[in-house]
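Everything below concerns the one structure shown next.
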Amino acid sequence: MVIPTTHHHPIESFSESSLKHLHSSESKNTNGNHVSPAKTCNNDKKQKKHKILFLDAYDSFSNNITSLLTTLLEDVDVYVLSIDSPLLDPTSPNFGKRFRRELAQYTAVVCGPGPGSPDNDADVGLMNYVWQLTAAAAAAEEADGEKGGEGGALLPVLGICLGFQSLVKYGGGEVKRLKRGLHGMVREVLHLSHGSGEGDGEGNGSSSIFRGVQPFKATLYHSLCGDIGQHEVSDADWEEGGAKWKPIQRCPDLLPLAWVEEKREDGEVERILMGIKHMNKPFWGLQYHPESVCTEKEGNKVIENWFKEALSWNEKKKRVVVEVAEGERLAHQATKPSLLSMLQVPVGDEHMSSSTTSESNKMWWERMGTRPEHRSITVRLPHGVQVSDVVEELGLDGSDKVVVLESANAAATASSRADVRGRYSIIAAGLEEALRLEYHTGDEYATFKLQQFNGLQVDLSERVFLGSYGGIWGLVASFHGTRSLGSGVELPDLPFLGGFIGFITYEQGLSDIDIRLETRPHHRPDVCLAWVTKSVVIDHSLGLAHIQELFSSDASLDDAAWMRSTADRLVSVSAHHRHPFLNDLPSPAKKVKTRHPSTSPSIQTPRIPEYEAKVKACQEFIAAGDSYELCLTDQTKITRPLSDMIPSTFNRKQQQQRRPSSSVPSSWHLYKTLRSRQPAPFASYLRLGGATLVSASPERFLTYNRHGRCSMRPMKGTVRKSEAVSTLEQAEKILHVPKEEAENLMIVDLVRHDLHSICGAGNVEVRDLLKVEEYQSVFQMITVVEGQLPPPSDEKRYTGLDVLAASLPPGSMTGAPKKRSCELLQQIEQNSERSLYSGVVGYMCVSGRGDWSVTIRSLFRWDDERVTVQGQGEDGQSEEEHEVWHIGAGGAVTILSTPEGEREEMFTKLAGPLKVFADLG
């Protein structure tokens with residue numbers, strides 16, 4: 001069966017009407033997607049919105065709070081200012097005046113959560129000045145006979161978690177360590193739902209922000225707690241005398257509003273303060289996280305009550321919010337601007353570098369791939385043919401440039417769970433003629449490379465300086481945006497038609513969150529993307545192969561020789577997998593008889609005492625409040641004789657030294673072995689940009705469709721299949737425990753934060769929360785988090801690339817809060833590069849689709865990394881050059897972890913990839 005198709009599509013914008021059905025579930029009003037049913041838009045009555053300032057302490061849940069405030073409260077816009085904003089320098093002589101001028105523009109302030117302690121001024125930054133400056137200025141106003149009025153200095157403030165602890169300290173309390181941290185733990189919040197003598201700024205009683213709130217459970221993310229003297233109160237006074245609801249002598253200005261009473265292993269009950277109100281100022285605080293997906297929605301009423309109290313206080317004090325032009329405000333919108341909107345060069349379907357640059361004046365790389373069109377031929381594969389058979393039939397298994405993205409567990413027998421099987425696999429072809437974009441983190445430029453053009457060796461290379469693009473992602477967005485097939489017309493329902501495909505390292509992700517890297521002894525690409533115009537997409541469900549290519553509209557429509565030739569080869573390809581490919585490899589026994597002992601692989605695994613010490617170091621940082629969860633990793637190194645031909649970019653002398661050994665299995669054989677041992681939905685084999693990656697990843701990072709629907713699938717919680725754990729029910733009993741659920745929950749809330757930064761308030765929701773899935777050799781706990789990109793406008797157009805750039809590095813490989821956790825992990829891991837491990841692999845299609853997986857359960861090497869090994873030949877001593885492979889493995893360390901348990905998990909994850917070398921020698 002051969003089905004040829006051709007598609008001609010101009011660039012078109014997204015259709016807003018096509019997105020309407022995706023928002024039908026937004027009235028759920030859960031913390032996965034906060035939307036107020038009563039909130040409506042009235043175009044006839046344009047009311048000025050209230051403005052809330054959110055002080056961001058670099059937490060990985062901040063955007064979830066801004067979304068909650070925006071969607072839950074009536075007519076509210078939220079603006080964000082970092083606690084260490086360079087626009088407000090506390091050492092400047094006019095700092096106080098400038099900060100008060102900024103605060104005067106808001107109805108209220110929210111001091112957010114974050115890592116660290118209020119005892120460290122750098123951790124809370126501007127929060128301290130919110131309490132101090134506003135109170136001091138208010139006192140000065142009162143002394144001068146002024147009270148409230150326009151821009152009144154004192155304004156309502158709500159502190160959350162770290163912000164709450166900062167308020168406790170301002171009110172005379174202390175911040176101490178809990179007996180054991182409660183990160184990701186869900187607890188019932190004890191509170192009074194009626195008037196509790198709460199102060200109103202005048203010392204008079206008033207209603208509580210917990211009024212009318214039924215009992216509810218909330219998520220806790222803290223190892224530090226507010227101490228106002230609660231443990232000095234006797235049990236009798238605490239319960240019978242009602243002391244828990246009254247100011248305690250040590251902190252007479254702080255009124256307790258809520259508690260968690262945590263029973264500890266020693267039998268003692270730890271009294272953990274959850275809510276406070278300053279008796280004489282409009283300051284409130286909450287220790288728990290109201291925005292978490294596992295905080296029950298009954299808790300939303302607390303936020304609503306707080307804002308009503310804030311509005312009431314402003315009205316009573318006759319405080320008038322100062323209105324300013326948008327550009328005069330120091331704070332910014334919570335949602336990031338799109339990459340395309342930030343470009344200093346316009347992006348259109350005819351222009352790239354500038355609107356006045358003619359086609360003839362553009363650089364060679366700018367002219368490549370413009371105005372693309374798509375054509376394809378579909379054939380039915382012979383029964384039993386696998387992806388590896390197709391790769392070998394096309395001669396790509398020995399190529400030094402190849403990309404295979406395989407749903408290696410797509411076979412019906414791979415798993416009893418259909419929801420963890422992929423449907424499609426993608427094979428990139430013709431990469432020797434594909435334009436390649438490479439970027440080394442920290443450079444001011446990226447490089448376009450082209451090896452061949454129309455069959456001729458050209459070896460072109462051009463540096464592109466990134467200043468006008470705002471960085472590497474702006475360049476990628478610009479290049480990709482001018483080569484889109486659009487979304488307003490019919491296209492084949494395939495995941496990939498052509499476009500960028502490649503890898504992004506963990507170090508690039510660190511750079512994306514402004515973490516400085518130590519000096520690196522190499523110049524390898526951290527972003528390596530090939531512009532693929534020829535590909536084969538295999539539909540495992542229907543047994544079809546779609547041979548396709550992108551071509552220029554200026555090219556001949558009859559020039560489809562490659563597609564026809566490939567189709568002819570695939571309809572007659574044989575299923576090599578019926579004959580075990582291991583029989584064609586060198587026998588491990590042959591290796592023992594050789595006169596060169598150096599041909600044996602050398603394996604260096606992490607040292608157990610050192611790894612366990614790193615786990616303890618992680619837990620100390622967690623106990624100190626610096627992180628909620630740290631995803632610790634380590635690397636195993638394997639050295640062995642050269643196994644593949646070295647790319648032609650190396651000089652002749654190097655090639656002579658680097659010829660592969662005929663007795664060593666190639667990287668392609670490593671991949672086939674790994675995929676047969678651990679079939680996974682996101683397996684990949686890449687040789688690109690000097691890197692070779694062999695991966696059996698089970699974890700999707702991000703996928704997005706043509707209509708802007710994005711989905712992330714954080715995976716935390718693993719149990720290996722065994723005789724004791726062989727069914728899904730048994731695995732659920734093991735994984736549905738506080739430690740495992742907390743690990744997953746922390747990353748779920750982090751992923752929601754990442755999606756909110758682009759999708760905006762109310763456009764993110766959670767489904768399949770803490771779901772256990774079955775794979776070939778393990779059970780995994782996953783959660784699906786989905787977001788919807790904003791509809792396009794003249795000013796901005798968001799794409800899946802915006803979400804990708806905003807979400808790196810993958811939260812499941814960092815911990816939370818992401819930035820501080822990554823900084824701590826650099827220190828604990830001694831600045832060792834993770835490289836491809838913990839990065840992502842995937843594609844961004846010209847159709848607007850994209851799919852990226854987390855690079856785990858994998859092994860990789862770099863062509864330029866070699867070691868010299870002494871060997872014994874027939875003529876005595878000899879030197880041989882060996883290649884170096886790396887396998888990363890680790891796990892999420894929490895306060896509930898044990899060094900032994902984390903070590904065991906790390907070696908369990910290491911075992912699968914490492915066994916490939918043991919099997920093949």
Side-chain angles (χ1 to χ4, degrees), residues 339 403-408 422-426 428 437 439 472-473 476-477 480 494-513 525-532 535 537 680-686 688-689 691 693 695-706 708-715 747 750-751 754-755 757-759 782-787 789 798-814 818 834-858 860:
L339 291 168
V403 177
V404 179
L405 305 181
E406 183 180 6
S407 296
R423 176 176 174 180
Y424 297 98
S425 294
I426 300 169
L437 176 61
Y439 171 69
I472 180 60
W473 299 124
V476 174
H480 189 271
L494 295 173
F496 184 74
L497 306 179
F500 275 132
I501 190 166
F503 66 80
I504 303 166
T505 68
Y506 176 77
E507 280 66 36
Q508 175 60 39
L510 295 182
S511 176
D512 288 335
I513 56 175
D526 292 290
V527 177
C528 186
L529 302 171
W531 186 256
V532 175
S535 59
V537 174
F682 304 105
S684 57
Y685 175 68
L686 285 84
L688 198 67
L693 174 67
S695 176
S697 175
E699 182 175 359
R700 167 174 276 155
F701 175 56
L702 166 69
T703 184
Y704 45 88
N705 65 21
R706 297 173 58 202
R709 192 65 173 176
C710 305
S711 177
M712 302 182 79
R713 217 169 186 270
M715 179 179 286
I747 305 306
L750 180 152
V751 164
D754 287 344
L755 279 173
S757 71
I758 300 299
C759 296
I782 65 98
T783 297
V784 177
V785 186
E786 295 184 337
L789 293 178
Y798 289 91
T799 69
L801 178 58
D802 288 281
V803 176
L804 177 67
S807 303
L808 294 170
S812 61
M813 303 306 296
T814 65
K818 184 184 285 187
R834 295 189 183 182
S835 193
L836 272 68
Y837 173 67
S838 298
V840 296
V841 168
Y843 64 84
M844 52 187 82
C845 179
V846 290
S847 67
R849 294 184 178 96
D851 206 346
W852 298 85
S853 63
V854 182
T855 307
I856 56 175
R857 315 292 199 274
S858 60
F860 67 91

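If you're wondering where the values come from, they're calculated on a predicted model, not measured in any experiment.
- Asp526 places no side-chain N or O within donor-acceptor distance of the main-chain N or O of Thr505, the cut-off being under 3.5 Å.
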Exercise. How far apart are the C-alpha atoms of Thr799 and Tyr704, what are their side-chain angles, what is the distance that settles it, and do they pass the side chain to side chain contact (heavy atoms under 4.5 Å, CB included) test?
Worked result: CA-CA 9 Å; Thr799 69; Tyr704 45 88; over 6 Å; no
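- Distance alone, capped at 3.5 Å, places no donor-acceptor pair between the Asp802 side chain and the Ala805 backbone.
- Closest approach of Ser695 and Phe682 over heavy atoms only: OG-O, 4.4 Å.
- Shown here for Ser807 and Asp754, the closest heavy-atom pair between the two residues is OG-CB, 3.6 Å.
- No donor-acceptor pair under 3.5 Å is formed between the side chain of Ser711 and the backbone N or O of Glu786.
- Val403 is not listed as a side-chain neighbour of Val532, based on a closest heavy-atom distance of 4.5 Å or more.
- Between Leu808 and Phe701, some side-chain heavy-atom pair lies under the 4.5 Å cut-off.
- Using the six-membered ring where Trp is involved, His480 and Phe500 have ring planes that are parallel, under 30° apart on the 30 and 60° scheme.
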Next on the checklist: Let's go through Ser425 and Val404 carefully: what are the C-alpha distance in whole Å and the side-chain angles of both, what is the deciding distance for side chain to side chain contact (heavy atoms under 4.5 Å, CB included) to 0.1 Å, and is it a yes or a no?
Outcome noted: CA-CA 8 Å; Ser425 294; Val404 179; 5.9 Å; no
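- Each of Ser853, Ser684, Pro681 was scored for a side chain to side chain contact (heavy atoms under 4.5 Å, CB included) with Ser697, with one residue passing: Ser853.
- Not counting sequence neighbours, the partners of Tyr843 by the ring-ring contact (aromatic ring centres under 6.0 Å, His included) test are Phe496.
- Of all non-hydrogen atoms in Cys845 and Pro495, the two that sit nearest each other are CB-O, 4.0 Å.
- Panel note: side chain Glu699, backbone Pro714; no donor-acceptor pair is recorded below 3.5 Å.
- Between the side chain of Thr703 and the backbone N or O of Gly850 there is at least one donor-acceptor pair closer than 3.5 Å.
- Of all heavy-atom pairs between Ser847 and Leu497, the closest is CB-CD1, 4.1 Å.
- The heavy-atom pair separating Cys528 from Leu688 by the smallest distance is SG-CG, 3.7 Å.
- At a threshold of 4.5 Å between non-hydrogen side-chain atoms, the residues Met715 and Ser812 do not count as touching.
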Trp473 vs Asp512, test: side chain to side chain contact (heavy atoms under 4.5 Å, CB included). Steps then yes/no. CA-CA 10 Å; Trp473 299 124; Asp512 288 335; 3.1 Å; yes
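- Residues Val527 and Leu437 are not in side-chain contact: their nearest non-hydrogen atoms beyond the backbone lie 4.5 Å or more apart.
- Between Ile856 and Met813, the closest side-chain pair of non-hydrogen atoms falls below 4.5 Å.
- Counting only heavy atoms from C-beta outward, the side chains of Ile504 and Trp852 approach each other to under 4.5 Å.
- Judged as a ring-ring contact (aromatic ring centres under 6.0 Å, His included), and not counting sequence neighbours, Phe503 has no contacts.
- Considering every non-hydrogen atom in both Val784 and Ile782, the closest pair reads CG2-CD1, 4.0 Å.
- At a threshold of 4.5 Å between non-hydrogen side-chain atoms, the residues Val476 and Met844 count as touching.
- Residues Ile747 and Pro810 are not in side-chain contact: their nearest non-hydrogen atoms beyond the backbone lie 4.5 Å or more apart.
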